[in-house]
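Below, read A as the first sequence line, B as the second, and so on, with proteins coming before strands; counting in each chain starts at 1.
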There are 2 protein chains.
Amino acid sequence: MESLSGTGYVILGMLGLGARTGYDIKGIVDRSTRFFWAASYGQIYPELRHLEKAGLVDGKSSPTGARKRKEYRLTEAGRAELVQWLGTPPQMPELRDESLLKLFFCDELPLEQALEQLRMRRLGHEQFLALLREIDARPGADPTFVALVLRYGIAYAEFNIAWCEEEEQRLRKAAREAA
Amino acid sequence: MESLSGTGYVILGMLGLGARTGYDIKGIVDRSTRFFWAASYGQIYPELRHLEKAGLVDGKSSPTGARKRKEYRLTEAGRAELVQWLGTPPQMPELRDESLLKLFFCDELPLEQALEQLRMRRLGHEQFLALLREIDARPGADPTFVALVLRYGIAYAEFNIAWCEEEEQRLRKAAREAA
DNA sequence: CGTAACATGTAACGCGTTACATGATTGG
DNA sequence: CCAATCATGTAACGCGTTACATGTTACG
C-alpha cells in the first residue's frame with residue numbers, strides 16, 4: 001500500500017484524538033496543527049471518502065435532525081497505519097520561510113532597509129508568540145504531546161526573537177566600526 | 001501588477017547575486033536556499049520566460065560553441081520589483097514540519113515509542129547541523145546576508161537539538177515520578 | 001574514450017488553497 | 001428573528017515536483 005498524503009495522516013490523527021466529523025477535524029486543526037500543518041475542506045472531505053474506501057476509517061451517517069452529518073472512526077487498520085507512520089523516521093526538516101528568503105537577498109539593500117527586514121521578522125515572531133501564549137493560557141489540559149508541541153511553538157518563537165535581536169545588534173555594531 | 005510567485009523572486013534574487021543561466025540558478029539554489037526554498041527546472045525555465053515577458057529580466061542568447069545557452073540579467077524594473085518585495089512585511093512564519101506533526105499525535109503511542117520519536121527528531125537536526133557546518137567551513141566568503149542566513153540555519157538546528165534533549169529528559173523524569 | 005558537468009526544456013501528476021454553493025440548528 | 005455555528009461539498013486554479021528527453025563540452 002502506498003502511503004498517504006500528510007493530510008491523510010492529519011485526519012487519522014485527529015480521529016484518534018476524538019474528532020468525529022470533517023467539520024470537527026477542520027476546527028481542531030485550525031486551533032492546533034495549523035501553524036505547521038494546515039488542512040482545508042477542499043481536502044478533508046475528499047480525503048475522508050478516500051480513507052474510507054481504503055478501509056482506514058469507518059463512516060456512518062448520523063444526522064442531527066434534518067442536518068446531514070457523518071461520523072467517522074478509525075478502524076483497526078487505520079490505527080495501525082497511523083502508528084506505523086508515527087514510527088517512521090522523519091526527513092530533513094522541511095521549512096518554507098519567506099522571511100528567511102528575503103533576508104538572504106538583503107545584500108541588495110542599503111543597511112538601514114536590511115535592518116528593517118530583520119526587525120519585521122522579529123515583530124512577526126513577537127505576534128506569533130503572543131498568539132501562542134494566549135492559546136497556552138486557555139483553560140483545559142491538553143494531552144501530553146499536544147501540550148509539548150505548543151511549548152515547542154513558544155520556544156521556537158522565543159528563539160527567533162532572540163536571534164533577530166542578536167543579529168540586529170551585531171550588524172549595527174559592524175556598521176559603527178566600519179564608520 | 002499582481003505579484004510573482006515565491007520562486008519568481010528567488011530567480012530575481014539569484015540573478016541579482018550573479019547567476020546568469022537557468023542552470024546556474026538551480027545550482028546556486030541547491031547549495032543555498034534549498035533548505036527553506038527549493039526550485040526545480042520545471043519551474044525555473046518557464047518562469048524565466050515569464051519574467052522576460054513581464055520585462056523584469058532581459059535574456060540574450062550566448063551559446064558556448066554549439067551548446068545553446070541563454071544569459072539573463074535583471075532589468076531596472078526587475079531590480080525594482082525585487083527591492084519592493086524585500087520591503088514588504090512577512091506573513092506569519094509558514095512552517096511545514098512533519099516531525100512536529102508526528103510528535104503532536106504521540107499520545108497514541110506508549111511512552112517508549114514516543115521518546116523514540118523525539119530522539120529521531122533530534123537525530124535529524126544533528127545531521128542537518130553537520131551538513132550546515134560543512135557548508136560553513138567551505139572556503140570563500142559569502143555576502144553578509146547569505147552568511148547571516150547560514151548562521152541562522154546553524155542556530156536553528158542547535159535550538160532544536162537542545163529542545164529535544166530537554167523534553168526527552170522532562171518526559172523521562174515525569175515517567176519516573178509516576179512510577 | 002568515457003563520464004561528469006553544462007545546458008534547456010516538457011508533460012503528467014500531486015497536493016493544497018480559494019471561492020463558491022447549500023442548508024439546518026442553536027442561542028440570545 | 002437573526003446571527004453564529006454546525007455541516008457538507010465542488011470546481012477552478014496555482015504552485016511545485018518528478019520523470020523524461022536531448023544534446024554539448026571539458027577533463028582526465
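- Contact annotation: A:Thr21 does not reach the phosphate of D:dC6 (side-chain N/O to OP1 or OP2, under 4.0 Å).
- Atoms CZ (B:Arg20) and C1' (C:dT8) sit 18 Å apart, rounded to a whole Å.
- An OP1 or OP2 oxygen of D:dT8 is reached within less than 4.0 angstrom by a side-chain nitrogen or oxygen of A:Tyr45.
- For A:Ser40 and C:dT18, the shortest distance from a side-chain N or O to OP1 or OP2 is not below 4.0 Å.
- Looking at which nucleotide of DNA chain C each of A:Ala39 and A:Gly65 is closest to, the 5′-most match is held by A:Ala39.
- Look at CD1 on A:Ile25: it is 14 Å from C1' on D:dG9, rounded to the nearest Å.
- Within the 4.0 angstrom heavy-atom criterion, only backbone atoms of the sugar-phosphate kind lie near B:Arg96; the bases stay farther away.
- Within 6.0 Å of the CD atom in B:Gln169, the count of heavy atoms belonging to other residues, nucleotides or ligands does not exceed 12.
- Nearest nucleotide to the A:Tyr23 side chain, out of C:dT17, D:dG16, D:dA7: D:dA7.
- With contacts defined as side-chain heavy-atom distances shorter than 4.5 Å, the pair A:Leu115/A:Arg119 does not qualify.
- The side chain of B:Ala38 lies closest to D:dT17 when the candidates are D:dT17, C:dG9, D:dT8.
- OP1 or OP2 of D:dG23 has not a single side-chain nitrogen or oxygen of B:Arg69 nearer than 4.0 Å.
- Within the 4.0 angstrom heavy-atom criterion, base atoms lie near B:Gly42.
- A close approach under 4.0 Å does occur between a side-chain nitrogen or oxygen of B:Ser5 and OP1 or OP2 of D:dG16.
- Because its NZ or CZ atom is both nearer than 6.0 Å to the ring centre of B:Tyr152 and within 45° of the ring axis, A:Arg121 counts as a cation-pi partner of that residue.
- Counting to the nearest Å, the C1' atom of D:dA21 and the OH atom of B:Tyr41 are 14 Å from each other.
- Checked against a 6.0 Å centroid threshold, the rings of B:Phe159 and B:His125 do not count as neighbours.
- Checking D:dG9, D:dG16, C:dT8 against every side-chain atom of A:Lys68, the shortest atom distance belongs to D:dG9.
- Contact annotation: A:Gln43 reaches the phosphate of C:dT17 (side-chain N/O to OP1 or OP2, under 4.0 Å).
- Among the nucleotides C:dT8, D:dG9, D:dT24, the one closest to any side-chain atom of B:Ala66 is D:dT24.
- For the pair B:Lys70 NZ and D:dT24 P, the computed distance is 20 Å after rounding to whole Å.
- Of the candidate nucleotides C:dT17, D:dT5, D:dG23, D:dG23 has the atom lying nearest to any side-chain atom of B:Arg67.
- A:Trp37 has its CH2 atom 6 Å from the P atom of C:dG16, to the nearest Å.
- Atoms NZ (A:Lys26) and C1' (C:dA19) sit 13 Å apart, rounded to a whole Å.
- Between A:Leu4 atom CG and C:dG14 atom P the separation is 14 Å, expressed in whole Å.
- For A:Arg49, counting side-chain heavy atoms from C-beta on, the closest listed nucleotide (C:dT8, D:dA7, D:dT10) is D:dT10.
- Nearest-nucleotide positions on DNA chain D for A:Pro46 and A:Thr64 put A:Thr64 closer to the 5' end.
- Between A:Glu158 and A:Arg133, at least one side-chain nitrogen of the basic residue sits less than 4.0 Å from a carboxylate oxygen of the acidic one, meeting the salt-bridge criterion.
- Taking the ring centroids of A:Phe35 and A:Phe128, they lie under the 6.0 Å cut-off.
- The interatomic distance linking A:Ile44 (CD1) with C:dT18 (P) rounds to 13 Å, in whole Å.
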